[in-house]
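First listed ligand is number 1; within each ligand, the first listed atom is number 1. Reckoned from all heavy atoms, side chains included, excluding hydrogens, waters and symmetry mates.
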Amino acid sequence: MDSVDRRSFIKTVAGAAALAAGDFDARAAESGGPVFLSTWEHGKPANDRAAEVFKSGASLLDAIEKGINVPENDPNVMSVGYGGLPNEEGMVELDAAIMDGTRHRAGAVASLHNIKNPISVARQVLEKTKHTTMAGEGAFRFALRTGFKPEQLLTPESLKRWLEWKAKPERETFWLSASNHDTIGMVGTDGRGHVVSGCSTSGLAWKIPGRVGDSPLVGCGVYADDNVGAASATGDGDLMTNYCTSISIVHYMARGMSPQDACAALLQHVADSDPANRAGFVCVIAISNKGEVGAASMNSKFRLKYALWRDGQSQLLDSVVLY
Ligand code: ASP
């Protein structure tokens, strides 16, 4: 397929996805209610919690934070928070960020150990400091100073997986290549033009200690601007960081694209700049300040399932795929 055909193909599949979510979008435009959009299956209970918190009268930031706490606290979600798979030395290192589209300000933590809710520590960075990003030991000490309790984040299952990986003579390591993912990225609107983006992950399983992925980086794992919308990403952070995925999507939207077309356009740019990226694990979600949504995956091998909460309805949907 040549690039012109591919572009019209993208428009077509983007259109189909928009139609799939069309009922929702039409009703949201009428009702102007809150919308929550998250990555992967664990995004559904996270959205449900975010909606519940928001309906109780809390802020959109609170809703996104508390929503993301759900997979962080779930030991069965082995890519986020408690029970997340560790780095190659057996230490769980967590990355998270949250961005407020009104203040145009984020809080983020990277390589945080022994604290199971990095999104809440990121929120404290946003609310209690003039800093944006804190990392490693400093982030851990900051968490203790702001009231978080240190915990062992390895579960019996994640320890078992790490020991099995360690025991394999031919094990894959990040000194050369990549494997396990599944961050929670969540974007939402309050239905009145305010947007927030949040992201939390244990990063790549067996990563080299100290590695920071895209998730806690403003413009990469999160971006939010009330003038336009918000975006988040999941997949190979070592690839996506180089494309500043979330800010790029929001900028495409600022130039008039729908969230769905902006997600597809970003992926197309990543693919066009290096054809090898077509095989990459790159998945993105976006929401406009009017509550329209978009989600796209680079290829069908790594196809994003995303969760959408709108008008009291919670759904799991398949994203558009480019290759
Ligand atoms: N993007 C995350 C990272 O590279 C991983 C993921 O999305 O699953 O750390």
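- Contact annotation: for S215 versus ligand 1, heavy atoms closer than 4.0 Å belong to the side chain alone.
- In summary, the atoms of ligand 1 found under 4.0 Å from a heavy atom of D214, numbered by their order in the structure, are 1 (N), 2 (C), 3 (C), 4 (O).
- In this structure a side-chain-to-backbone donor-acceptor pair under 3.5 Å is present from D74 to N76.
- Backbone and side-chain nitrogen or oxygen atoms of G237 are examined, and one is located within less than 3.5 angstrom of a nitrogen or oxygen of ligand 1.
- We find that R211 and E88 are not joined by a salt bridge, their nearest charged nitrogen and carboxylate oxygen being 4.0 Å or further apart.
- A salt bridge is absent between E164 and K168: the closest approach of a Lys/Arg side-chain nitrogen to an acidic carboxylate oxygen does not fall below 4.0 angstrom.
- With a heavy-atom cut-off of 4.0 Å, R211 touches ligand 1 through its side chain alone.
- The salt bridge (charged side-chain N to carboxylate O under 4.0 Å, His left out) contacts involving residues 134-153 comprise K116-E151, where partners must be two or more places apart or lie in separate chains.
- Between S79 and ligand 1 there is no heavy-atom distance shorter than 4.0 Å.
- Residue pairs meeting the ring-ring contact (aromatic ring centres under 6.0 Å, His included) criterion with at least one member in residues 220-239, sequence neighbours excluded: H104-Y223.
- Summarising the contacts of atom 2 (C) of ligand 1 with D236, L239, T183, the nearest heavy atom is found in T183.
- Between the side chains of Y323 and Q268, at least one donor N or O lies within less than 3.5 Å of an accepting N or O.
- For ligand 1, the polar-atom distance check against G235 finds a nitrogen or oxygen pair separated by under 3.5 Å.
- Close approach of ligand 1 to T234 is summarised as follows: ligand atoms under 4.0 Å from at least one heavy atom of the residue are 6 (C), 7 (O), 8 (O).
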